[in-house]
Each structure stands twice: as structure tokens, then as C-alpha cells.
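I have placed the structure first, in the form of C-alpha cells, so that the comments after it can refer back to it.
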Protein chains: 2
Amino acid sequence: MFELDLRSRKPVYEQLAEKIIELIVCNVLKPDQQLPSVRVLSGELTINPNTIQKAYRELEHRGYIYSLPGKGSFVRPREAGDNSARINNLKAQLSKVLSEMVYLGVPRDELISTIENLLSRAEGGNIDD
Amino acid sequence: MFELDLRSRKPVYEQLAEKIIELIVCNVLKPDQQLPSVRVLSGELTINPNTIQKAYRELEHRGYIYSLPGKGSFVRPREAGDNSARINNLKAQLSKVLSEMVYLGVPRDELISTIENLLSRAEGGNIDD
DNA sequence: TAACCGTACTAGTATACATAGTACAGTTGA
DNA sequence: TCAACTGTACTATGTATACTAGTACGGTTA
């Protein structure tokens with residue numbers, strides 16, 4: 001379910017957290033859906049349980065999941081709160097990426113159509129792969 | 001000229017490299033313009049020269065600058081080569097960012113207009129701040 | 001009660017970052 | 001020629017973090 005690169009410079013727990021965020025954001029993992037337990041996922045990925053727990057802790061701290069001792073960890077439904085901080089962060093990332101693509105000579109038309117496609121998929125909800 | 005966060009989890013040399021890329025991409029640093037020497041920048045930022053050199057080595061390896069022993073380091077003019085690998089990487093980043101913004105409830109109209117603004121600025125070349 | 005769940009520790013190892021110091025070769029202008 | 005600059009290449013050291021291993025505790029559920 002999750003593909004990790006143990007040789008990467010990026011920490012494993014961080015790779016895992018980003019993978020899960022991706023699945024949540026793309027609605028592959030539905031709200032209140034239960035995630036694999038720390039120990040089960042540890043066995044599947046042949047990774048230490050502590051590393052999985054660290055990823056889950058990170059995800060809970062960032063508001064993507066919630067954990068109930070004795071029950072499990074679940075996808076946290078998105079709430080309409082103050083996401084302005086995170087949105088501003090994303091805008092900054094967007095600015096960097098777009099600037100670099102323009103710098104590398106990607107035509108504006110191609111860029112716009114790419115973005116349109118990505119938005120349609122994102123708004124459609126599911127992404128099947 | 002460069003603002004770094006020494007307490008950040010992200011390595012200093014990486015922060016510096018990204019800052020310089022940003023300035024190159026936004027045309028603040030012009031092609032063939034000389035960068036501060038390793039020792040001078042080391043003094044200004046109160047950072048070890050080796051750390052600066054590591055950033056410069058990284059930038060040279062990624063094709064953003066070129067270094068001439070005895071002369072200095074300079075912004076490398078962009079060449080129309082095969083940037084497809086880097087562009088695909090940027091598209092993947094773009095996909096993630098857009099998905100997350102949609103997930104956080106940013107309206108499509110607002111998103112499009114934001115992108116239009118960013119593109120205009122990027123294509124305009126200079127960004128003054 | 002047994003088997004699962006999240007959580008919280010300690011301890012050890014490996015790796016990467018950053019610093020300090022030294023050294024060498026090429027370039028440049030006085 | 002010489003001094004002052006440039007990039008580059010080392011060694012050594014201290015530190016922070018990632019990851020693993022192992023153990024333990026309390027809550028939940030069939």
C-alpha cells in the first residue's frame with residue numbers, strides 16, 4: 001500500500017506521513033476510515049513500530065488523523081477552521097514551483113492546461129491508480 | 001542578502017541553495033553575475049566556509065551556477081537542454097500542492113486568479129522586494 | 001481473559017550536519 | 001614578482017537526528 005525508499009535522504013517516517021496525507025487529500029482514505037495499526041503496518045513495511053508511531057504522531061499533530069488508545073488511528077474529517085496559515089504556505093510553494101517552470105521554459109498555455117487537468121481531478125475527488 | 005534559519009530542521013546549505021535558486025529563477029541574479037565568494041559569504045552569514053561551499057557545489061551539480069577556480073562562482077545562463085526530468089518533478093509537486101489546496105477548500109476561482117498573478121509576475125521577469 | 005490497540009520510555013548504532021583548521025593551485029592587480 | 005584573492009580538498013571533532021531493539025503500561029473488545 002505504501003512504497004518507501006529506505007535509502008533516501010528523507011526520513012522514513014516523513015515519507016510515510018506524506019504518502020498518507022496524499023491519500024487523505026485525494027480522498028482515497030475516507031474520513032473516519034481506520035488506518036493500519038502501528039504493529040501491523042510495521043510488519044508489512046518491515047519497519048520498526050516506533051517509526052510508524054512517529055509518522056502517526058506527526059499526522060495527528062498536523063490534524064490529518066486522530067488516534068484512540070485501544071481502538072486505533074483514523075482519518076480525521078476536514079473541518080472548516082482557520083486553514084489560512086497552511087494555505088499561505090501552499091501559496092508560497094506554488095509560487096516557487098510556477099516560477100521555476102516558467103524559468104525552465106514551460107509555455108504558459110501548456111502550464112494552464114496542466115493545472116486545469118490537475119484541478120479537475122482534485123475536485124472530482126477520487127483518483128484511481 | 002540571504003536569511004537563514006539556523007534552528008530549522010532543514011540543513012543550512014540546503015536553505016542557502018534554495019534561496020539562491022529562487023533569486024536566479026526570479027532573475028534577481030542575472031546570468032554570468034558573480035556570486036559572493038565562499039569566504040565573504042561565510043563572513044556575512046557567520047557560517048563555516050565549508051557549508052557555503054557545499055551549497056555552491058550542490059548548485060553547480062544541479063546546473064544553476066558554474067565555478068572557476070581562482071576567479072569565482074557565477075550564475076549559469078539557462079540553456080535549452082533536456083529539462084524534462086526537472087519539469088516532471090515540478091509537475092508532481094504542483095499536483096500535490098493543488099490537491100491539498102482544493103482539499104483545504106480554496107475556491108477554484110480564487111486559485112486560478114492566484115495562479116494568473118503568479119505567472120504574470122514570473123513572466124515579467126523581475127520581482128522587486 | 002486474551003488479543004488487540006495507542007503510547008511511552010530506555011539504550012545503542014549509524015548517518016548527516018556543521019564547525020575548525022590546514023593546505024594547495026589558479027587568477028589578478030599592484 | 002608578490003600579495004591577496006578565488007575555488008577546492010582534505011582531516012578531525014562535536015552534535016543532532018533517524019532508526020532499531022526491547023520493554024512496559026493502560027484502554028478496548030470479543
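Quick note on labels: first sequence line is chain A, next is B, and so on, each numbered from 1. In what follows, every heavy atom counts, from backbone to side chain, and hydrogens, waters and symmetry copies are set aside.
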Within the 4.0 Å heavy-atom criterion, would you say [X] contacts the bases, only the backbone, or no part of the nucleic acid?
| X | result |
| --- | --- |
| A/Glu14 | nothing |
| A/Gln34 | nothing |
| B/Arg57 | nothing |

From [atom1] of [X] over to [atom2] of [N], roughly how many Å is that when rounded to an integer?
| X | N | atom1 | atom2 | result |
| --- | --- | --- | --- | --- |
| B/Lys54 | D/dA9 | NZ | P | 14 Å |
| A/Glu58 | D/dC19 | CD | P | 12 Å |
| B/Ile52 | D/dT8 | CD1 | P | 13 Å |
| B/Glu60 | D/dG7 | CD | C1' | 9 Å |
| A/Gln15 | D/dC19 | CD | P | 8 Å |
| B/Asn50 | D/dA12 | CG | P | 15 Å |

Outermost contacting nts on DNA chain C, any atom under 4.0 Å from chain A heavy atoms, listed 5' then 3', are C/dC5 to C/dC17

Would you call B/Glu18-B/Lys10 a salt bridge at under 4.0 Å N-O? yes

Would you mind checking if B/Glu116 and B/Arg121 are paired as a salt bridge, meaning a charged N to carboxylate O distance below 4.0 Å? no

Would you find a donor on one side and an acceptor on the other, under 3.5 Å apart, between the side chain of [X] and the backbone of [Y]?
| X | Y | result |
| --- | --- | --- |
| B/Glu58 | B/Tyr13 | no |
| B/Arg76 | B/Pro31 | no |
| A/Thr51 | A/Ile47 | no |

If you take any heavy atom closer than 4.0 Å to DNA chain C, which residues from residues 63-73 of chain B end up in contact? B/Pro69, B/Gly70, B/Lys71

Nearest non-hydrogen partners of A/Val75 and A/Leu35, listed with the distance: CG2-CD2, 4.3 Å

Quick one, B/Glu100 and A/Ile21 - any side-chain contact, counting heavy atoms below 4.5 Å? yes

Between B/Val38 and A/Arg39, whichever has its closest DNA chain D nucleotide further toward 5' is B/Val38

Side-chain H-bond candidate by donor/acceptor type, A/Tyr66 with A/Asp32, under 3.5 Å: yes

B/Lys19 to B/Phe2, cation-pi by 6.0 Å centre distance and 45° axis angle: no

D/dC19 phosphate, OP1 or OP2, under 4.0 Å from A/Tyr13 side-chain N/O: no

